[in-house]
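Encoded as structure tokens, the structure appears first; notes follow it.
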Amino acid sequence: MDDQISSTTPSYGFQHDDGEDEFRANKHVNSLMDEGEDFMKREAEANVPDEDEILDLAGGAKDALERHRSTLPRTEEPLLDFTEPEPSSTFKPEPEAVKPAPISAFGDATTKPTISEEKEEKTTVTPSKSKSCCSMVDLLYWRDLQRTGVVFGASLFLLLSLSVCSIISVISYVALALLSVTISFRIYKGILQAVQKSEDGHPFKMYLDKDVGISSELVHKYSDTALVHLNSLIKELRRLFLVEDLVDSLKFAVLMWILTYVGALFNGLTILILGLIGAFSWPVIYEKHQAQIDHYYGLVNKQIKDVLGKIQAKIPGAKPKTE
């Protein structure tokens, strides 16, 4: 009876041992995969993926799974298929930061000026030149009556004095007049301060503190301008006296012949006085009667050109400049 029972009773112990081994293997595989997933999560959170460690862990899990497969029958399939994970490709290199321009010692970026800025710098007019031109125009057109009156009156008085007296006498009388005014004003201010017991100081202190020296830049500027005009005058006189153009030389000769009569009637100071009066009166007259003056000037200029054309046609060897 015992033999029958023992021979017919199935042996569940062997099957129980195989199932327990398989459970342990699966549990071991699952623990390895959990560790791999935890490691991958930590690496992803740190954003510093380490492919070598992931591959080593995956390789160990794969070896364990292969060893478990070898213990199973060939008809059974593996419970899990662990494939090698692909390396993470989410990492992107950061773009290089743009380097700022070098800063100079004065705090400004040392950048090269563009072509348009260089052109603008070249075409800009110096403020001193434009200011001087505007002041001269305002002076001749009587924009400021007080200033123009002082300049015109002083210049006219000086020229009239030179026409009557010698230049030494004029300089002496002008110096004595200025000294009498300044000395009288200085004594008057000194007495006034002594009576009022005030300490106003020197009455001409503001003018004494001013710098009245002539800078070398100003001297070079006007000397260069004068040199340019002098060179052009010398070249023009050479062209006229050496008869480079016959017509121009004849015009110059006629002008000199007319000036002989002008010199007989007026001296140099009279011409300067007339020129000064004309310089301060002609711009205002032309501004008021510009249309009539331009009309008559055009008629006179046309007549002069016709006469010069007839004279030039009669002179042998002279050709018009237009040809």
Side-chain angles (χ1 to χ4, degrees), residues 123-164 170 221-222 225-226 228-241 243-315 318-323:
T123 55
T124 52
V125 182
T126 56
S128 59
K129 186 175 180 180
S130 61
K131 186 177 180 181
S132 61
C133 293
C134 293
S135 62
M136 182 61 67
V137 170
D138 295 339
L139 194 67
L140 295 177
Y141 279 90
W142 295 78
R143 301 285 190 256
D144 188 357
L145 294 177
Q146 184 178 1
R147 183 182 177 187
T148 305
V150 170
V151 173
F152 177 67
S155 303
L156 186 61
F157 176 76
L158 180 62
L159 292 176
L160 290 174
S161 301
L162 289 173
S163 64
V164 176
V170 171
K221 175 184 175 182
Y222 286 103
T225 305
V228 170
H229 290 294
L230 181 62
N231 290 332
S232 62
L233 178 62
I234 293 173
K235 291 180 181 179
E236 186 65 20
L237 291 175
R238 181 188 65 180
R239 188 180 69 85
L240 292 173
F241 281 105
V243 197
E244 183 179 353
D245 190 349
L246 180 60
V247 176
D248 292 340
S249 298
L250 289 174
K251 290 179 183 179
F252 183 68
V254 172
L255 178 62
M256 294 295 105
W257 178 68
I258 295 172
L259 288 179
T260 57
Y261 289 95
V262 175
L265 296 174
F266 309 102
N267 56 15
L269 286 174
T270 306
I271 294 174
L272 288 177
I273 292 170
L274 294 176
L276 180 66
I277 295 172
F280 280 89
S281 60
W282 176 251
V284 180
I285 297 172
Y286 180 74
E287 188 178 17
K288 292 181 179 179
H289 308 283
Q290 183 177 0
Q292 294 85 351
I293 293 173
D294 289 341
H295 175 68
Y296 289 109
Y297 174 76
L299 294 176
V300 173
N301 192 20
K302 184 178 180 182
Q303 293 294 330
I304 293 173
K305 286 183 178 179
D306 292 340
V307 173
L308 290 176
K310 292 178 182 179
I311 295 172
Q312 188 175 358
K314 293 181 181 181
I315 296 175
K319 295 182 180 180
K321 290 183 180 181
T322 55
E323 295 180 0

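What you see below is based on every heavy atom in this structure, not just the backbone, and it leaves out hydrogens, waters and symmetry mates.
- Between I285 and I293, the shortest heavy-atom distance links the atoms O-CD1, 4.1 Å.
- Heavy-atom minimum distance, T225 versus K221: OG1-O, 3.0 Å.
- The distance from the CG atom of L269 to the CD1 atom of I273 is 6.0 Å, given to the nearest 0.5 Å.
- With sequence neighbours excluded, no residue forms a ring-ring contact (aromatic ring centres under 6.0 Å, His included) with Y297.
- The shortest heavy-atom contact between A279 and P283 is O-CD, 3.1 Å.
- Under the 4.5 Å side-chain criterion, counting only non-hydrogen atoms from C-beta, L156 is in contact with L276.
- Here I304 pairs with V300, L308 under the side chain to side chain contact (heavy atoms under 4.5 Å, CB included) rule; sequence neighbours left out.
- Once rounded to the nearest 0.5 Å, the distance linking CG of D294 with OH of Y296 reads 12.5 Å.
- Applying the salt bridge (charged side-chain N to carboxylate O under 4.0 Å, His left out) criterion to E244, with sequence neighbours excluded, gives no partner residue.
- A heavy-atom distance below 4.5 Å is found between the side chains of N267 and T270.
- Under the side chain to side chain contact (heavy atoms under 4.5 Å, CB included) criterion, L250 pairs with L246, I315, not counting sequence neighbours.
- Remark: M136 CE to D138 CG distance equals 10.5 Å, nearest 0.5 Å.
- Separation of atoms CG (L299) and NE2 (H295) is listed at 4.5 Å; rounding is to 0.5 Å.
- In this structure, CD on E287 lies 11.5 Å from CG on L140, to the nearest 0.5 angstrom.
- For residues 267-292, the set of pairs meeting the ring pair (Phe, Tyr, Trp, His ring centres under 6.0 Å) definition, not counting sequence neighbours, comprises F152-F280.
- Heavy atoms from other residues, nucleotides or ligands lying under 6.0 Å from CD of Q290 number more than 12.
- Between S249 and L240 the shortest heavy-atom distance is OG-O, 2.8 Å.
- Annotation: ring pair (Phe, Tyr, Trp, His ring centres under 6.0 Å) contacts involving residues 249-272, sequence neighbours excluded, comprise F241-F252, W257-Y261.
- A heavy-atom distance below 4.5 Å is not found between the side chains of L272 and L162.
- With values rounded to the nearest 0.5 angstrom, L139 atom CG is found 8.5 Å from D144 atom CG.
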